[in-house]
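Note that these values count all heavy atoms, side chains included, but never hydrogens, waters or copies made by symmetry. Letters A, B, ... are given to chains in the order of the sequence lines, protein chains preceding strands, and every chain is numbered from 1.
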Amino acid sequence: MDPKDNEPFHREPWRRLLRAGSGDPSRVIDRRILTQARRAIEPRAARWWLPASLAASLLLAVLIARWQFEDTSAPPLVSESDVVPEPKTGDEHPPAAAPPAAAPAATLEHAESATRTAEDTAARSMMHAPAVSAAQKSGAAADAAVAPLTPEEWYAQIEALRAAGHIAKADAELVRLEAAYPGWLARHRASLPVEHD
Amino acid sequence: MEEADADAQLMLRYAAGDARAFEELYERHRGALWRFIQRLVRDAGASDDVFQESWSRVIGSRNRYRPTARFATWLYRIAHNCCVDHWRRSGRRQAHETPDDDAIAAAGDSPAGNPHELAVEAESSRRLAAALSRLPEEQRLAFLLYVEAGLTVVEIAELTGAGAETAKSRLRYAVARLKEALGTDAPTD
């Protein structure tokens, strides 16, 4: 093609006139495009860190939440709340005539737990009624102490612990029961009906 | 042709990972391409979107780019395709539309210079914008590709899928109508 045919008229004067009436793309658009261009050629390895760090943060958050949950749901020490409140009935053996000195051992943990509860209650009542006297507080703590458990009641608590899955605690309590009421456990087991296959 | 070769080299360097090459390429073509799209699409918000979409496609096609034609031809083909896609999405064609008032209103901007000359130039520019918007689409496209994009008749023919003689005719008719609209303010050859 004749070069004149390929460029039939001078474009520069028209270009000048066209550009006189127009602007340019905004700097916002410029930034977007240039950022996109830069990111498109970034090595893939340089970009992996962001999703990896997000995943690691998420995993850490989940683990911490689980740890916290497991910690708060750890089984407490033996207390009345662990007990299935159905002491064994029809027990033919009368309660052992345990000396009063043995009873505190049986109820020690129970009393400690009850005392803690009482102390919490006392502390709370202190928050709400700071004028409460010391005598009243100690009285409240004393009132919270429970009567000693019979071996049957104690054994019922142990069974409840075992049923709840707290095997180690149940075994420990069993040892204490045996120490507090020597021979009672053997008698109790002997009194249970034998199961035939 | 040296400048065209330089554009192709910049694009190849960008494809190889040189971000600065793209920045230079973008700086060279951003204004003209934006005005080209603005004149075709004639909708300020949409023309920004089409402009960004065009460059997105350039970026996305960097690994497939082969300098078999001038970079500008390739770039404006992409931009034209984006305009066509925009028209399809919006469900209209830019045949004989009324002048774009926003474009005409924006035509008041002018570079610094003699106030009287600036005023005359601004007025001529407004009239050119109005006349351009009244051209049939094919003629307006040919004119913009020639003037704004700097393509030759052969390149315009290739891009638009028309023959060279058809492209030349469209240019000739476009310039004739624009000269008629501008009268004595029309540029002389």
What are the two closest heavy atoms between [X] and [Y], and how far apart are they?
X        : Y        : value
B:Ala32  : A:Arg19  : CB-NH2, 3.6 Å
A:Pro8   : B:Leu171 : CG-CD1, 4.0 Å
B:Ser125 : A:Leu17  : OG-O, 3.3 Å

Can you tell which part of A:Arg15 gets under 4.5 Å to a heavy atom of chain B, answering side chain, backbone, both or neither?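 Answer is both: backbone and side chain atoms of A:Arg15 are under 4.5 Å from chain B.
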Hey, mind stepping through B:Leu144 and A:Leu18 against side-chain contact (heavy atoms from CB on, under 4.5 Å) and telling me if it holds? CA-CA 9 Å; B:Leu144 289 172; A:Leu18 256 184; 3.9 Å; yes
Sort out for me which of B:Gly150, B:Ala157, B:Gly31 touches chain A most, counting heavy-atom pairs under 4.5 Å.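 Top count of heavy-atom pairs under 4.5 Å with chain A: B:Gly150.
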For the candidates B:Asp48, B:Val58, B:Ile59, which exhibits the highest count of non-hydrogen atom pairs separated by less than 4.5 Å from chain A?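 When all of B:Asp48, B:Val58, B:Ile59 are compared, B:Ile59 has the most.
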For the pair B:Tyr146 (side chain) and A:Phe9 (backbone), establish whether a donor and an acceptor sit closer than 3.5 Å, ignoring hydrogens and angles.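 Side chain of B:Tyr146 to backbone of A:Phe9: a pair is present.
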B:Arg62 side-chain N/O to A:Ala40 backbone N/O, donor-acceptor pair under 3.5 Å: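 Checked: pair present.
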Answer with side chain, backbone, both or neither: which region of [X] has an atom nearer than 4.5 Å to a non-hydrogen atom of chain A?
X       : value
B:Asn63 : neither
B:Ser56 : both
B:Leu33 : neither
B:Ile37 : neither

Would you give the length of the straight line joining atom CZ of B:Phe22 to atom CD of A:Gln36, rounded to the nearest 0.5 angstrom?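 Going from CZ on B:Phe22 over to CD on A:Gln36, the span is 7.5 Å.
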Intermediate values then yes/no, side-chain contact (heavy atoms from CB on, under 4.5 Å), A:Leu34 and B:Trp55: CA-CA 9 Å; A:Leu34 292 174; B:Trp55 284 107; over 6 Å; no
Give a yes or no on this: more than 12 heavy atoms of other residues, nucleotides or ligands lie within 6.0 Å of atom CD of A:Glu12.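 Atom CD in A:Glu12 is packed in, count exceeds 12.
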Within 6.0 Å of OH in B:Tyr173, more than 12 heavy atoms from elsewhere: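 Count not over threshold, so no.
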Among the options A:Pro25, A:Pro13, A:Ser26, pick out the one with the most heavy-atom pairs lying under 4.5 Å from chain B.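 When all of A:Pro25, A:Pro13, A:Ser26 are compared, A:Pro25 has the most.
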Could you check if a side-chain atom of B:Arg30 sits within less than 4.5 angstrom of a side-chain atom of A:Ile33, using non-hydrogen atoms only?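 No; the side chains remain at least 4.5 Å from each other.
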Can the ring centroids of A:Trp14 and B:Phe143 be said to lie less than 6.0 angstrom from one another?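 Here the rings of B:Phe143 and A:Trp14 have centres that are less than 6.0 Å from each other.
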Do the charged groups of A:Arg11 and B:Glu148 touch, with an N to O distance under 4.0 Å?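 Looking at A:Arg11 and B:Glu148, the cut-off is not met.
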